[in-house]
Amino acid sequence: MTTSPRKKAAKEIIIDDQFCKGCNLCVEVCPRKVFSGSSKRSRAGYSMPQATDPGKCSVCFLCEMTCPDLAITVIEESP
Amino acid sequence: MLPLADKYLRKRTLPLIFCPGCGDGTVLNVFLRAVDDLGIFKDLSLVGGIGCSGWLPTYLQSDVLHVLHGRAIPFACGLKLTDPRRKVVVFTGDGDCVGIGGNHFIHAARRNIDLTVIMINNGIYGMTGGQVAPTTPLQGRTQTSPYGNLEPPFDVCELARSAGATYVARWTAAHPVQLLKTIKEGMEHPGFSFIEVMAQCPTQAGRYIEGTSNAAELLNLLKKRSVSLEQAKETPPEEMGGKYVVGKLHHLTGKREFTQAIYDNFPQEKSR
């Protein structure tokens, strides 16, 4: 019997509203479509995206690495 | 706050000054990870030139020189020669590095001095409002090429390689994972490492040259235009127009490094 690899999941996906400038690159680069635009505003007034579907996250960290404002933190669910 | 940002950045300078969607931010993001993975933060000495990319190192709680336009590389050479234990990384833009700074660039590469030069290429002089640069694509419209640029742009990686650089690589801001590996390799390489990062500039190059300020669209353009070295070899030259060859383009080990040569050949003064 073979064991299947543990499926990664995100415990939490935080977009810091102090830094996000609403560029929406996270929405674009996410391979699982976790993010989408929202009506939420950052502290500076930018229209921010939100992680509307965190359950789909595969913890690839592409959003976290791409974000030009270092606004995203992806916290992985511990096994 | 992102734990990496909390660990390495100067809080009072935040939020970052870059435009929304700027490729510079992604390079900073990736650079922090590279430094963290290698554990070399304490040994870093960073130099920034003039331009948006030159602001990058100023955000780190590190020894930073933010110097004159085009002179990041000579200052970096000075830093390295006075204390070879420093891990010197230069952040420069296309205008800073091969425009006004072109001469310093070719000589540092020729000497194979142990620096890591990260040139963020947006094909324009962005910080000053969008003037034509040595890397602006043909026909690109900018503030100083309103009828379309007539000057063929530099292939800066090719320039680096022929000047004598021993590690040459190119990626884009759409390739953070690959860029991370490359930056780490470049920093560990004992010689002149040149890493070109093609980056989107939503406010200037995006609007003037590409016709859009949408960062996501510009990022996709970067991805679409990237071809690997293998793919490039199989593509006829006519179809390579406007494409970027990405990857590790040149890596030579064993060439004498300049700082080592100086210290080996000149007797050091005995400390008093």
Side-chain angles (χ1 to χ4, degrees), chain A residues 8-54 56-78, chain B residues 1-9 11 13-34 36-37 52-53 56 59-60 120 171-181 183 197 199-203 206 213-223:
Chain A
K8 289 190 183 184
K11 182 160 131 194
E12 204 182 349
I13 301 175
I14 308 164
I15 306 184
D16 195 326
D17 71 351
Q18 197 183 196
F19 299 138
C20 175
K21 293 194 188 117
C23 73
N24 284 349
L25 282 184
C26 51
V27 179
E28 185 64 31
V29 300
C30 177
R32 296 291 173 88
K33 308 257 186 298
V34 170
F35 299 93
S36 62
S38 78
S39 54
K40 179 156 189 234
R41 294 272 177 160
S42 78
R43 269 187 251 176
Y46 292 102
S47 277
M48 287 174 63
Q50 286 288 274
T52 42
D53 234 321
K56 286 204 256 174
C57 177
S58 62
V59 200
C60 70
F61 292 112
L62 261 181
C63 57
E64 209 191 82
M65 290 181 86
T66 302
C67 178
D69 292 285
L70 311 176
I72 303 182
T73 310
V74 177
I75 303 173
E76 191 176 350
E77 191 75 71
S78 40
Chain B
M1 187 184 293
L2 182 71
L4 272 179
D6 191 51
K7 189 172 175 187
Y8 292 126
L9 299 190
K11 311 294 185 303
T13 60
L14 298 175
L16 300 175
I17 203 173
F18 305 126
C19 296
C22 172
D24 286 345
T26 306
V27 180
L28 174 59
N29 194 328
V30 172
F31 182 67
L32 292 181
R33 282 157 215 275
D36 200 50
D37 286 353
C52 297
S53 53
L56 221 147
Y59 289 107
L60 282 93
I120 304 179
W171 286 108
T172 78
H175 299 99
V177 177
Q178 298 90 326
L179 182 60
L180 174 58
K181 180 163 179 248
I183 291 182
V197 188
Q200 72 276 17
C201 170
T203 310
S213 63
N214 185 312
E217 269 179 54
L218 294 170
L219 201 74
N220 282 331
L221 276 178
L222 286 177
K223 247 191 282 194

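By convention in this document, chain letters (A, B, ...) are assigned in the order of the sequence lines, proteins followed by strands, and residues within each chain are numbered from 1. These numbers were taken from a predicted model, which means no experiment stands behind them.
- Taken to the nearest 0.5 Å, the CG atom of A/L70 stands 8.5 Å off from the CG atom of B/L4.
- Applying the salt bridge (charged side-chain N to carboxylate O under 4.0 Å, His left out) rule to A/R43 yields the partners A/D17; only residues at least two apart in sequence or on another chain are considered.
- Only the side chain of B/N220 comes within contact range of chain A, judged by heavy atoms closer than 4.5 Å.
- Note on residues 66-75 of chain A: pairs passing side-chain hydrogen bond (donor to acceptor under 3.5 Å, both in side chains), not counting sequence neighbours, are A/K21-A/D69.
- No other option in B/G21, B/P3, B/A173 has as many heavy-atom pairs under 4.5 Å with chain A as B/G21.
- Pairing each heavy atom of B/C22 with each of A/P68, the nearest pair is O-CB, 3.3 Å.
- Looking at B/L16, the atoms closer than 4.5 Å to chain A (heavy atoms on both sides) sit in the backbone and in the side chain alike.
- Residue B/L9 touches chain A through its side chain alone, counting heavy-atom pairs closer than 4.5 Å.
- In this structure, chain A has no heavy atom under 4.5 Å from any part of B/L218.
- Nearest heavy-atom pair across B/T26 and A/M65 is CG2-O, 3.7 Å.
- Interface residues of residues 29-42 of chain A toward chain B, defined by a heavy-atom distance below 4.5 Å and sorted by number: A/V29.
- For A/N24, the side-chain contact (heavy atoms from CB on, under 4.5 Å) partners at least two apart in sequence or on another chain are A/V27, A/P49.
- Among all heavy-atom pairs drawn from B/P20 and A/C23, the shortest one is C-CB, 3.7 Å.
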